[in-house]
Amino acid sequence: MGKGFDSSAVTFHRDGKLALDACVVTIGAFDGVHRGHQELLRQTIAAARRRGIAAVVYTFDPPPKVYFGQAEPLISLREKLERIATFAPDHVVVADFDQVYVRRTALDFLAELHKLQPREVIVGEDFRFGSCKGGTALLLRQHFNTRILPPVRCGNGEIVSSSRIRALRRSGLAATAATLENWRDIVTAPPANRSGLAQLEVASQ
Ligand SMILES: Cc1cc2nc3c(=O)[nH]c(=O)nc-3n(C[C@H](O)[C@H](O)[C@H](O)COP(=O)(O)O)c2cc1C
Ligand SMILES: Nc1ncnc2c1ncn2[C@@H]1O[C@H](COP(=O)(O)OP(=O)(O)OP(=O)(O)O)[C@@H](O)[C@H]1O
């Protein structure tokens, strides 16, 4: 679970705008910022702190499955960014997942990642990227020092996923879904702390 909401320490960027000389980065749709995502965020921020470099979260708006009409979003972009911000990364990159972006190949995406000069990339086993999901975690490993985390599971052994949370909600099992999200004690920020988010929203208009 993250600490308390404080977006003031986090800088938000549109994709392609951020260049760094070192970082640890995690990548994903992160819809719901569930317990599996939280583990990625914790490991990413811990690795970055150990190395004394920036922690970066790279995410997509809307989540690709939502863009392709395969799912309804679990939470809004604002809520997602607020949840991510509670883990206190240094940077959050939000890529506009649209008809132009979706045509980028896995190699295009790797070229963008190179601009962040990651010392470590941390993703889950099933991470895919690039048009037609051509890129895998193993391809990432050919380009960057990549840590592939084993899946976080719930008590009955099932893998925690946004899809599973959606299915539980659809079945009327909202309380079970909420245990996988694990956000019941989220601290909501006062408006003054949301300036970074507001800037991102203005930039996207
Ligand atoms: C440049 C780029 C292009 C993508 N193109 C597609 C696509 O054509 N079809 C698709 O289903 N997903 C596409 N995706 C989404 C990925 O499959 C995946 O959902 C995304 O990278 C987030 O990973 P996650 O779902 O593990 O969070 C693309 C992702 C990126 C970064
Ligand atoms: N249970 C989990 N344990 C560890 N990593 C996870 C878990 N679920 C997702 N991840 C990783 O988090 C990142 C973002 O994944 P993503 O947003 O696709 O989540 P998801 O729950 O698998 O979504 P969906 O069910 O919609 O496919 C990816 O690197 C993915 O591999």
Side-chain angles (χ1 to χ4, degrees), residues 1 14-16 18 24-47 55-75 77 79-81 83-84 87 89 92-116 118 120-141 143-144 146-170 177-183:
M1 178 63 62
R14 286 294 172 189
D15 64 285
L18 181 64
V24 179
V25 61
T26 187
I27 313 156
F30 298 125
D31 189 17
V33 196
H34 60 59
R35 287 176 43 213
H37 301 149
Q38 290 165 30
E39 185 58 22
L40 254 66
L41 294 167
R42 269 193 292 271
Q43 298 271 348
T44 299
I45 282 120
V56 180
V57 179
Y58 189 113
T59 191
F60 307 94
D61 175 51
K65 280 193 179 161
V66 172
Y67 173 83
F68 287 112
Q70 296 160 353
E72 289 297 314
L74 288 171
I75 55 175
L77 174 63
E79 179 73 12
K80 174 164 80 170
L81 297 181
R83 290 184 181 191
I84 290 171
F87 290 83
V92 178
V93 177
V94 182
D96 270 320
F97 200 86
D98 60 14
Q99 70 277 14
V100 176
Y101 190 91
V102 77
R103 287 204 298 269
R104 291 191 195 181
T105 64
L107 290 182
D108 294 334
F109 184 71
L110 290 168
E112 185 181 344
L113 271 191
H114 272 291
K115 289 189 204 158
L116 303 177
E120 196 169 349
V121 181
I122 303 184
V123 292
E125 288 175 356
D126 63 349
F127 176 66
R128 296 282 180 282
F129 61 98
S131 58
C132 306
K133 301 187 179 184
T136 62
L138 292 177
L139 177 63
L140 269 182
R141 191 169 262 172
H143 291 256
F144 304 104
T146 301
R147 196 188 321 174
I148 302 172
L149 293 191
V152 171
R153 295 171 187 271
C154 43
N156 66 5
E158 300 236 31
I159 293 176
V160 175
S161 73
S162 306
S163 306
R164 188 164 155 67
I165 292 167
R166 289 185 198 107
L168 287 166
R169 282 194 189 177
R170 275 198 305 273
T179 65
L180 305 194
E181 283 191 75
N182 198 24
W183 276 103

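Just follow the structure's listing: the first ligand is 1, and inside any ligand the first atom is 1.
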Against heavy atoms of [X], which atoms of ligand 2 measure under 4.0 Å?
X      : answer
Asp126 : 22 (O), 30 (C), 31 (O)
Pro151 : 3 (N), 4 (C)
Ile27  : 13 (C), 28 (C), 29 (O)

Mutual orientation of the aromatic rings belonging to Phe129 and Phe109 [parallel < 30°, tilted 30-60°, perpendicular > 60°] | tilted
Would you call the rings of Phe144 and His114 parallel, tilted or perpendicular, where under 30° means parallel and over 60° means perpendicular?
-> tilted
Distance to 0.1 Å, residue and atom name: give those for the protein heavy atom nearest to [atom].
atom                    : answer
atom 11 (O) of ligand 1 : Lys133 CE, 3.1 Å
atom 25 (O) of ligand 2 : Ser163 OG, 2.5 Å
atom 18 (O) of ligand 2 : Ala29 CB, 4.6 Å
atom 29 (O) of ligand 2 : Gly124 N, 2.9 Å

Could an N or O of ligand 1 be found under 3.5 Å from any N or O of Phe129, whether backbone or side chain?
-> no
Does Ile27, backbone or side chain, put an N or O under 3.5 Å from an N or O of ligand 1?
-> no
Could you tell me whether ligand 2 has any atom less than 4.0 Å away from a heavy atom of Ile122?
-> no
Subset of ligand 1 atoms that lie under 4.0 Å from at least one heavy atom of [X]:
X      : value
Tyr101 : 1 (C), 2 (C), 30 (C), 31 (C)
Pro64  : 15 (C), 19 (O), 20 (C)
Ser131 : 3 (C), 4 (C), 5 (N), 8 (O)
Gly28  : 27 (O)

With sequence neighbours left out, the residues meeting ring pair (Phe, Tyr, Trp, His ring centres under 6.0 Å) with His37 are Phe30, His34
Tyr67: partners by side chain to side chain donor-acceptor pair (under 3.5 Å), with sequence neighbours left out = none
